[in-house]
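All values below come from the heavy atoms of this structure, side chains included, with hydrogens, waters and symmetry mates left out.
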Amino acid sequence: MRIATVRILKTERLEDLSVRRLAREVKVAPANFYNHYGSLNNLLLEIAADYFEVFREQAAHIGRTSANRTEALKRTVFYFVDFARSHPQLYRLMFGYIPDAYTYPRYRLTAGAAFEDLMELIYGYKVFTISDDFGPNDMAVLGSKVQIGYGMYAMLCGLSNLFVANDSEGPFANASDPRESIVAFLNGILDAFIKGDLPKILGAEP
């Protein structure tokens, strides 16, 4: 059923998915669905968790095959945005489509682990794990580090949203090579933060 759902979401929106639609795809009675999943949302959250694991595997591969963390971070951003463009419904499913997704244990664990990996990529070591029992003093020390991680996470989602809503009418829709144009665009944005261009510009204010 997961495979069938992913296949449907290649051409149809999440809003159009239903148990009846999925049952028709796999040629079973709708009631049979509930022998496997408690609800449609449970199935969708399992798929979201699957793709968080795919993201982690790809990020790990990027880390192993990059010359340094800066290159790895850029390649991870490019991969993330390209995934959102290529699989917009899966991207929506992973990031906000289902309310209260974090109450679902496997989704919470895999999404949290992906954020741990992002933090490790930025700092070069394991900053924390979601199983850590943090006290007030620990959080005070981690505060600025976590803020950087959430800032990068927000940048990833924001950049993806530029293209995922309607890629056919996006800013590079008419480019001869949209993917190459997007890579150059993302590279410029990342350099502005990595190289400190923004602080320089703000510091030049009268």
Side-chain angles (χ1 to χ4, degrees), residues 48-88 90-96 102 107-132 134 137-165 167 170-172 175-205:
D50 289 343
Y51 277 89
F52 272 117
E53 291 183 351
V54 170
F55 177 78
R56 294 188 67 205
E57 291 171 1
Q58 183 63 28
H61 171 74
I62 289 171
R64 289 192 302 269
T65 57
S66 296
N68 51 56
R69 294 205 312 280
T70 297
E71 179 187 325
L73 183 61
K74 287 185 175 184
R75 289 176 61 195
T76 300
V77 172
F78 300 156
Y79 167 76
F80 190 96
V81 173
D82 196 51
F83 175 86
R85 289 180 64 239
S86 303
H87 309 283
L90 292 176
Y91 166 78
R92 293 178 62 214
L93 178 57
M94 293 169 69
F95 298 97
Y102 273 86
Y107 178 93
R108 182 175 66 252
L109 288 172
T110 54
F115 184 68
E116 290 174 27
D117 292 347
L118 178 63
M119 291 287 289
E120 185 173 2
L121 172 59
I122 293 170
Y123 285 95
Y125 61 89
K126 182 71 74 174
V127 178
F128 65 86
T129 67
I130 57 175
S131 61
D132 288 339
F134 292 124
N137 293 334
D138 298 313
M139 290 308 297
V141 172
L142 286 173
S144 62
K145 293 183 177 180
V146 173
Q147 288 169 2
I148 291 172
Y150 274 113
M152 180 55 65
Y153 170 80
M155 183 185 293
L156 284 168
C157 292
L159 291 171
S160 296
N161 288 338
L162 286 176
F163 305 102
V164 74
D167 193 43
F172 303 106
S176 57
D177 188 341
R179 192 170 185 274
E180 184 177 319
S181 298
I182 290 170
V183 167
F185 173 73
L186 295 176
N187 193 63
I189 289 175
L190 291 169
D191 277 345
F193 286 87
I194 293 171
K195 296 180 179 180
D197 292 347
L198 183 60
K200 293 174 186 175
I201 293 170
L202 294 176
E205 287 183 333

Distance alone, cut at 3.5 Å: any donor-acceptor contact between the side chains of R75 and T65? yes
Work out which heavy atom in I62 is nearest to a heavy atom in A72; give both atom names and the distance. CG2-O, 3.5 Å
Rounded to the nearest 0.5 Å, what's the gap from CG on L159 to CD1 on I189? Could you check? 5.0 Å
What I'd like to find out is whether the side chain of L190 reaches to under 4.5 Å of the side chain of M155, using heavy atoms alone. yes
Using a cut-off of 6.0 Å, state whether more than 12 heavy atoms not belonging to F78 lie near its atom CZ. yes
Using the benzene-type ring in the case of Trp, are the ring centres of H87 and Y91 under 6.0 Å apart? no
Report the C-alpha distance between L186 and K74 in whole Å, list the side-chain angles of each, state the deciding distance to 0.1 Å, and finish with yes or no for side-chain contact (heavy atoms from CB on, under 4.5 Å). CA-CA 8 Å; L186 295 176; K74 287 185 175 184; over 6 Å; no
Supply the atom-to-atom distance F185 CZ to E180 CD, rounded to the nearest 0.5 angstrom. 15.5 Å
side-chain contact (heavy atoms from CB on, under 4.5 Å) between M152 and L73: does it pass, once the steps are laid out? CA-CA 10 Å; M152 180 55 65; L73 183 61; 3.8 Å; yes
With the side chain counted from C-beta on, respond yes when L118 and L156 share a heavy-atom pair under 4.5 Å apart, and no when they do not. yes
Measure the spacing between CE of M119 and OH of Y153 and express it to the nearest 0.5 Å. 14.0 Å
Counterpart residues, side chain to side chain contact (heavy atoms under 4.5 Å, CB included), relative to A114 (two or more places apart): F52, F55, R56
Is there a side-chain contact between F80 and R85, using heavy atoms and a 4.5 Å cut-off? no
Does any part of the side chain of R69, heavy atoms only, come nearer than 4.5 Å to the side chain of I122, both counted from C-beta? no
K126 vs D117, test: side-chain contact (heavy atoms from CB on, under 4.5 Å). Steps then yes/no. CA-CA 8 Å; K126 182 71 74 174; D117 292 347; 4.0 Å; yes
Does E71, at its CD atom, have more than 12 non-hydrogen atoms belonging to other residues, nucleotides or ligands within less than 6.0 Å? yes
Say whether, by atom type as modelled, one donor and one acceptor occur between the side chain of E120 and the main chain of E116 under 3.5 angstrom. no
Checking ring-ring contact (aromatic ring centres under 6.0 Å, His included) against Y102, which of F115, Y107, F95 comes through? Y107
Check step by step if side-chain contact (heavy atoms from CB on, under 4.5 Å) holds for F83 and M94. CA-CA 11 Å; F83 175 86; M94 293 169 69; 3.8 Å; yes
